[in-house]
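Structure, as structure tokens:
Since we're looking at a predicted model, the values are computed, not measured. We name chains A, B, ... by the order of the sequence lines, and we start the count at 1 in each one.
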Number of protein chains: 2
Amino acid sequence: MAKNYSSEISNPLSSNHEDYLKAIYILETRGEQVTNSVLSEYIGYTPASATNMVKKLAQMDLVIYRPHQAVALTPTGRRVALEILRHHRLLELFLHKTLDIPWDSVHEEAERLEHVISEALEDAIAASLGYPKVDPHGDPIPSKNGEVSHTPGHPLSQSEAGRTYRLVRVLSQEKERLAYLGELGLHLNAEVHLREQAPFDGPMLVEVAGEEHALAADMAALLQVVPASAE
Amino acid sequence: MAKNYSSEISNPLSSNHEDYLKAIYILETRGEQVTNSVLSEYIGYTPASATNMVKKLAQMDLVIYRPHQAVALTPTGRRVALEILRHHRLLELFLHKTLDIPWDSVHEEAERLEHVISEALEDAIAASLGYPKVDPHGDPIPSKNGEVSHTPGHPLSQSEAGRTYRLVRVLSQEKERLAYLGELGLHLNAEVHLREQAPFDGPMLVEVAGEEHALAADMAALLQVVPASAE
DNA sequence: AATAGTTTTTAGCCATGGCTAAATTGTATC
DNA sequence: GATACAATTTAGCCATGGCTAAAAACTATT
Ligand SMILES: [Mn+2]
Ligand SMILES: [Mn+2]
Ligand SMILES: [Mn+2]
Ligand SMILES: [Mn+2]
């Protein structure tokens with residue numbers, strides 16, 4: 001069992017290297033073509049810097065780079081990306097459950113911690129949480145050997161009115177958005193009764209914990225739910 | 001209450017900047033003259049690199065630098081050093097108590113984590129531990145406003161034979177040494193009965209948890225104890 | 001197929017913070 | 001005070017990874 005993928009690599013990866021690989025992985029799984037501009041915008045650096053970094057990652061056999069083409073992770077690159085993503089999501093859950101850090105703050109904290117925890121600490125965290133499968137936002141936690149479980153659910157925006165659902169995933173890391181949802185009681189596993197959906201992609205009327213709220217359609221599209229009975 | 005001392009500073013400090021300040025603080029409190037060679041050896045970089053860094057820290061008003069003189073922390077530099085040291089020791093205790101990381105492994109882990117935790121996380125950790133005063137090695141945890149409590153005790157090597165003591169501090173971070181002491185049952189607050197001390201700085205005979213062991217004099221010098229009755 | 005517009009790459013700059021080797025300064029000894 | 005030795009600083013090199021501006025390469029439209 002190969003544990004430390006940086007051991008397969010001559011010089012160790014910096015935090016930024018790791019964040020680039022993670023970004024490419026996330027963009028790939030979104031189904032997007034990971035063009036230079038998409039990547040550079042996501043990562044928050046200039047296109048020139050992204051090209052620069054991608055070429056370095058290609059030299060280390062972590063990505064496939066062909067000029068003017070979309071970047072793609074190599075198997076090794078994917079393993080590194082998944083390892084960092086595992087750190088990230090384990091840390092989010094740990095910070096939330098063990099230290100009561102609010103779910104809208106764990107992301108930025110994990111963004112730094114993910115690069116500096118050892119294998120032993122990763123294992124200790126996973127064990128203390130009982131080897132969890134999802135983070136506080138319902139994002140799947142990759143397993144130690146790089147498997148990602150498929151998460152169930154469909155957007156609340158495409159659900160039937162008059163039924164009750166359970167929130168299983170929120171497709172956003174935005175602090176303000178998460179804080180707002182939390183205020184409405186829309187945290188993970190919350191029960192939502194969908195009263196009605198206004199036509200023309202209008203707002204939805206939902207009931208959460210006895211209170212009624214209106215949700216914009218694009219907000220509801222980020223909420224993945226399953227029927228409440230199915231548990 | 002000024003919280004983030006890097007906010008008083010134009011550009012943020014790197015991990016290395018922080019480790020240099022911490023090193024200078026520790027060497028100062030040991031009573032040593034913090035010459036360039038002492039610092040460079042402690043920090044593990046060449047003397048030229050140490051000079052380089054010290055000059056930068058001086059430009060930021062974190063240390064006083066005069067060529068060919070010992071370096072000294074400014075009040076601001078000391079605050080930064082103490083903030084990082086607080087992170088370090090809180091993290092050591094947290095890792096040990098909450099995640100069962102052995103006391104000989106927490107140091108290297110904290111060495112990286114100390115630079116990336118937020119003020120909020122620092123507070124959450126301190127709260128979850130009940131605002132502790134010492135780390136797993138008995139080193140005092142600086143308070144949020146930079147106060148360091150005086151730790152009691154004297155070296156086991158300078159103690160009276162025939163009496164029982166309580167271990168309150170170990171003056172070493174060496175992994176192997178700590179692992180060895182742990183195997184003997186010599187963790188923090190362990191009770192040690194001092195049977196006899198061989199003359200000419202010879203080994204000491206001690207009894208810990210019902211077992212008898214011989215301890216080299218220089219090892220015993222690192223163990224700070226108080227009389228067991230004084231609890 | 002020419003042209004216009006967009007995307008990507010290249011070229012070259014800069015700050016950071018290591019390093020080695022050489023020059024300088026300080027200190028101890030005769 | 002001269003001289004030797006150690007400590008420190010300086011000078012100059014290098015890799016990293018940002019950046020801007022300009023060049024080049026794709027893509028779409030006429
Ligand atoms: Mn990150
Ligand atoms: Mn998440
Ligand atoms: Mn450190
Ligand atoms: Mn310690």
Side-chain angles (χ1 to χ4, degrees), chain A residues 6 9-24 27-28 32-73 77 80-81 84 111-112 114-116, chain B residues 6 9-24 27-28 32-73 77 80-81 84 111-112 114-116:
Chain A
S6 39
I9 296 158
S10 46
N11 42 348
L13 300 174
S14 72
S15 297
N16 272 359
H17 285 110
E18 295 178 346
D19 280 340
Y20 267 96
L21 292 171
K22 193 162 54 102
I24 295 167
L27 293 168
E28 271 186 358
E32 293 187 56
Q33 283 282 97
V34 188
T35 62
N36 198 261
S37 44
V38 165
L39 178 58
S40 94
E41 201 199 347
Y42 182 88
I43 203 89
Y45 293 120
T46 61
S49 298
T51 304
N52 201 331
M53 184 59 95
V54 164
K55 285 167 114 176
K56 278 183 191 151
L57 295 173
Q59 278 178 355
M60 300 185 235
D61 276 309
L62 296 168
V63 302
I64 308 280
Y65 168 68
R66 297 217 175 272
H68 297 276
Q69 306 265 100
V71 223
L73 292 171
V80 176
I84 303 303
E111 199 54 58
R112 296 185 306 273
E114 62 188 358
H115 307 291
V116 301
Chain B
S6 39
I9 297 158
S10 45
N11 43 345
L13 300 175
S14 73
S15 297
N16 273 359
H17 285 110
E18 294 178 347
D19 280 339
Y20 268 97
L21 291 170
K22 194 161 55 103
I24 295 167
L27 293 168
E28 271 187 358
E32 294 187 54
Q33 281 284 97
V34 189
T35 63
N36 198 261
S37 45
V38 165
L39 178 58
S40 95
E41 201 200 347
Y42 182 88
I43 202 90
Y45 292 120
T46 61
S49 298
T51 304
N52 201 330
M53 184 59 97
V54 164
K55 284 166 114 177
K56 279 185 192 151
L57 295 172
Q59 278 177 355
M60 300 186 238
D61 276 310
L62 296 168
V63 303
I64 306 282
Y65 168 68
R66 296 219 177 271
H68 297 273
Q69 305 266 100
V71 224
L73 292 170
V80 175
I84 303 302
E111 199 55 58
R112 296 185 307 273
E114 63 188 357
H115 308 290
V116 300

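B/Thr46 comes within 4.0 angstrom of a nucleotide base, judged by non-hydrogen atoms across all strands. Residue-level contact check: A/Lys56 touches the bases, meaning some heavy atom is under 4.0 Å from a base atom.
Atom CD1 of B/Ile43 is separated from atom NZ of B/Lys22 by 8.0 Å, given to the nearest 0.5 angstrom. For the atom pair CD of A/Glu114 and CD of A/Glu18, the computed distance is 7.5 Å after rounding to the nearest 0.5 Å. Atom CD of A/Gln69 sits about 12.5 Å away from atom CG of A/Asn36, to the nearest 0.5 Å.
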Would you be so kind as to tabulate the donor-acceptor pairs closer than 3.5 Å made by side chains of residues 52-68 of chain A, with sequence neighbours excluded?
none

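Annotation: of the two residues near DNA chain C, A/Asn36 and B/Ala50, the 5′-most nearest-nucleotide partner is A/Asn36.
The closest donor-acceptor contact from the side chain of B/His115 to the backbone of B/Arg112 lies at 3.5 Å or more, if one exists at all.
Close approach of DNA chain C to chain B, defined as any atom under 4.0 Å from a non-hydrogen atom of the protein, starts and stops at C/dT16 to C/dG26.
Across the protein-nucleic acid pair, B/His68 atom NE2 and D/dT9 atom P stand 5 Å apart, rounded to whole Å.
Screening residues 32-50 of chain A for salt bridge (charged side-chain N to carboxylate O under 4.0 Å, His left out), with sequence neighbours left out, gives A/Arg30-A/Glu32.
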